[in-house]
S.K.: 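Here's a structure for you.
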Number of protein chains: 2
Amino acid sequence: MQQKKLKLADLAKLAGVSTSTASRALNDNPLIKLETRERIQQLAKEHNFSLNAAASRLRLQKTKVIAVLINLDSETEQSIDDPFLLKVVSDINLAVNRQGYELLLSNSFMAGEDWHGYFIDGRRADGVIVVGQGKQQALIEAASKAGMPLVVWGDPKTKADYVIVGSDNFLGGKIAAEHLMSKGCKAPLFLGEPEHAELGERYNGFCTAIKSAGLTEQCQLLKIDITSQAAYEAINHKLRNDGLDFDGIFACSDMVALGAMKALKERYVSIPNDVHVVGFDDIAMADISFPSLTTVRQDTKQAGELLVSKLLAQLDGEQVASSQLEITLIERQSS
Amino acid sequence: MQQKKLKLADLAKLAGVSTSTASRALNDNPLIKLETRERIQQLAKEHNFSLNAAASRLRLQKTKVIAVLINLDSETEQSIDDPFLLKVVSDINLAVNRQGYELLLSNSFMAGEDWHGYFIDGRRADGVIVVGQGKQQALIEAASKAGMPLVVWGDPKTKADYVIVGSDNFLGGKIAAEHLMSKGCKAPLFLGEPEHAELGERYNGFCTAIKSAGLTEQCQLLKIDITSQAAYEAINHKLRNDGLDFDGIFACSDMVALGAMKALKERYVSIPNDVHVVGFDDIAMADISFPSLTTVRQDTKQAGELLVSKLLAQLDGEQVASSQLEITLIERQSS
DNA sequence: GAACTTTATGCAAACGTTTGCAATAGGGTG
DNA sequence: CACCCTATTGCAAACGTTTGCATAAAGTTC
């Protein structure tokens, strides 16, 4: 088994110096003679010494932790299952680590209602990244008002007094619609839930493009939950009831698009000949589905970097603004 | 902005008691008169009071945190992208929360080589769940030897002196092979990398079943990385070079299966008529692909529960053993 | 009503860092 | 050689909890 945990004082004794010197040495403080510093660092390595983070945090009033709060839409306690969300989290994780911070994975279940109290006063994290604006905008608002360092992944166009990073959803919707029309679509259909901030913008962009092309008076909308299952069922249902009265689909996410495509394929509707399909996100499956899925790519890597750097800037007391990520249309076989 | 952070002493003063009483009251210690307890708890709520976790951890020598260490196979710094892995993490997260613990999301990049030192001595977490045995079995071994409370998601049949939770991979492979043969396959193919502990067991089960059915002397193996991309390319390549010399595929994961299916579909090989396909995991896409994918389901929810409860048992000083999760064949259209 | 138990609370130490300030030693200057 | 300056190190307080022990008040027993 292991020997008793070494504390800083023990390490100092081994080195024949005071704890203050040891502490400074480990933090590379130039007050300490270079030679001594190196000797102590060397010793620390040999003995597998590591600082007690709890003590350090208590003393410094800083945790070097960033919390990621996944804002689930549903009230039901359920695991996340859209690969895109998880890609975002994963890229945030990398960015956080690259800055020498650790990542506390949390959710509204743990944090309760008073986020500022829980994370900041509770010294669990120095700042919070909220993924998804969800329905709890009020809680975000409150935490922000209380002075909690905060960055939100969502739609940057949202009028809010906290910092938001997200894709240019409006443009994404516009590009998708224009692409569909350029392929000859006369009656494209939006698949998703426009109540949701980000999706609403995509829908707006979509409609704007369609109307300005003079295509239809109102753009078609099929309102569904953001799951492939819901999309599958909705398209199935629509084909059964209304027949094929659309020739293009702009799905609010790739998972939704894939669900819709399954329904189409089962009924022998040809993609892209009868119906052109465009998704959103560019998850791995978009490329691997058959036919592969044309989609609007969100740059999650850049998103992670930006979310984190903006949060750290806030911690440094800087004033930071929301910002919008560029999106790219990835043309594949489905259109 | 917010008022100065309330500490326990302040709350105590407000209530007209000592900090000790306040502390005990918040922890529902029966030493304190019920009436007093309730009064103080009420007061705490009103003032949005929350304990300083850093101080608490320092004093208690416990963090109430569980670290999840994602053991990436690749040396390259990359984000995880198999939805299955993330499903596992997500289910662990739920289980962890349900037990009142928090989840520190980590990886070998942050933890370095000395996991015990980093997490336990560093008071970052009370225990660690390692997801994926990866290539770093030596580090796991070392951490375990050093006395780090630890549970690993991997293949439970692995001979090791740490606790492993995982599916019955051997049986999974066996069932998959038997299923393929029951559908008339004479020349099934394994797609994956048998070096990897879990996948190796699946391959063993697969071969065992095939041999005991007297089908072939050696079972066919196409060794590839565990990505849909690799699968797509490998199958493409094989079809081009060898033609269609197999009539069934058992893929080591659903993502791999989906990649393979894409290659088949592109070359107009009919699924399941020409080739039957079985995957592993049962990710959401398995159901939504077309044709939908027959697969061996791993119960990630139960996995999360077990991993966490076994870890907590260790923290309580109990002796715990590895255990194997049951798997289920989900029959769909691809076979 | 004295001795003793029970109940409820407070005192003060301890957890392991970090850091302002004091202290010491060595070197240079006039 | 007295003075000052610099370079290096140590002392001790503080961060905010929790908890063993002491204490005080109230109730019980003979």
Side-chain angles (χ1 to χ4, degrees), chain A residues 3-41 43-44 47-65 117-126, chain B residues 3-41 43-44 47-65 117-126:
Chain A
Q3 63 279 40
K4 200 88 183 58
K5 153 98 172 93
L6 218 57
K7 62 175 124 176
L8 188 58
D10 303 327
L11 185 71
K13 201 168 296 172
L14 281 174
V17 298
S18 72
T19 47
S20 1
T21 304
S23 171
R24 287 193 252 253
L26 292 182
N27 292 320
D28 244 340
N29 189 323
L31 270 183
I32 304 300
K33 206 202 309 194
L34 183 63
E35 184 193 304
T36 320
R37 248 185 290 164
E38 284 173 343
R39 185 165 55 87
I40 295 183
Q41 288 169 6
L43 203 64
H47 290 262
N48 275 334
F49 173 79
S50 45
L51 280 174
N52 183 323
S56 185
R57 286 171 188 167
L58 173 58
R59 170 66 224 228
L60 291 174
Q61 307 280 52
K62 268 194 192 180
T63 63
K64 280 279 186 177
V65 169
Y118 184 75
F119 289 114
I120 308 304
D121 288 345
R123 291 286 183 279
R124 277 168 238 274
D126 296 335
Chain B
Q3 62 280 37
K4 202 88 182 59
K5 152 98 172 95
L6 219 57
K7 63 175 124 175
L8 189 57
D10 303 328
L11 185 71
K13 201 168 295 173
L14 282 174
V17 297
S18 72
T19 49
S20 3
T21 303
S23 171
R24 287 193 252 256
L26 291 183
N27 292 320
D28 244 340
N29 188 322
L31 270 183
I32 304 300
K33 206 201 313 191
L34 182 63
E35 184 193 304
T36 319
R37 249 186 288 165
E38 284 173 343
R39 186 165 55 88
I40 295 181
Q41 288 169 6
L43 204 63
H47 290 261
N48 276 334
F49 173 79
S50 44
L51 280 174
N52 183 322
S56 184
R57 285 172 188 166
L58 174 58
R59 171 65 225 230
L60 290 175
Q61 309 279 50
K62 269 192 191 179
T63 63
K64 280 280 185 175
V65 169
Y118 185 74
F119 289 114
I120 308 303
D121 288 346
R123 292 285 183 279
R124 277 167 237 274
D126 297 335

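All of these numbers come straight from a predicted model, not from anything done at the bench. Convention: sequence-line order gives letters A, B, ...; per-chain numbering from 1.
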S.K.: When you get a sec, tell me which of C/dG10, C/dT9, D/dT17 is the closest nucleotide to the side chain of B/Thr36?
M.R.: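 Minimum distance to the B/Thr36 side chain belongs to C/dT9.
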
S.K.: When you measure from the side chain of A/Ser18, which nucleotide among C/dG10, D/dG16, D/dG10 comes out closest?
M.R.: D/dG10

S.K.: Look at the side chain of B/Leu60 and decide which nucleotide, out of D/dG10, C/dG10, D/dT19, has an atom nearest to it.
M.R.: D/dT19

S.K.: Round to a whole Å and report the spacing from CG of A/Leu26 to P of C/dG16.
M.R.: 16 Å

S.K.: Checking contacts here: which listed nucleotide (C/dT17, D/dG16, D/dT18) is nearest the side-chain heavy atoms of B/Leu51?
M.R.: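 From the listed options, D/dT18 comes nearest.
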
S.K.: Starting the side chain at C-beta, find the nucleotide from D/dT17, C/dC11, C/dT18 nearest to A/Thr19.
M.R.: C/dT18

S.K.: Base of D/dG10, side chain of A/Arg24 - is there a donor-acceptor contact under 3.5 Å?
M.R.: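 Answer is yes: a donor-acceptor pair is held.
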
S.K.: NZ of B/Lys5 to CD1 of A/Ile120: how many Å apart, nearest 0.5 Å?
M.R.: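 Nearest 0.5 Å value for the NZ-CD1 distance: 11.5 Å.
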
S.K.: Quick one: is A/Asn27 getting a side-chain N or O under 4.0 Å of the C/dT18 phosphate, OP1 or OP2?
M.R.: yes

S.K.: Need one value for B/Leu58: base, sugar-phosphate or nothing, where a base atom within 4.0 Å counts as base even if backbone is also close, heavy atoms only.
M.R.: base

S.K.: Mind listing the side-chain donor-acceptor pairs of residues 48-58 of chain A below 3.5 Å, one per line with the distance, residues two or more places apart or on another chain?
M.R.:
{"from": "A/Ser50", "atom 1": "OG", "to": "B/Gly117", "atom 2": "O", "distance (Å)": "2.7"}
{"from": "A/Asn52", "atom 1": "OD1", "to": "A/Ala54", "atom 2": "N", "distance (Å)": "2.9"}
{"from": "A/Asn52", "atom 1": "OD1", "to": "A/Ala55", "atom 2": "N", "distance (Å)": "3.1"}
{"from": "A/Arg57", "atom 1": "NE", "to": "A/Thr63", "atom 2": "O", "distance (Å)": "3.1"}
{"from": "A/Arg57", "atom 1": "NH2", "to": "A/Glu102", "atom 2": "OE2", "distance (Å)": "3.4"}

S.K.: Can you tell me which nucleotide in D/dT8, D/dA12, C/dT18 comes closest to the side chain of A/Ser20?
M.R.: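 Looking only at side-chain atoms, A/Ser20 lies closest to D/dA12.
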
S.K.: Classify the side chain of B/Arg59 and the base of D/dG20 as holding, or not holding, a donor-acceptor pair under 3.5 Å.
M.R.: no

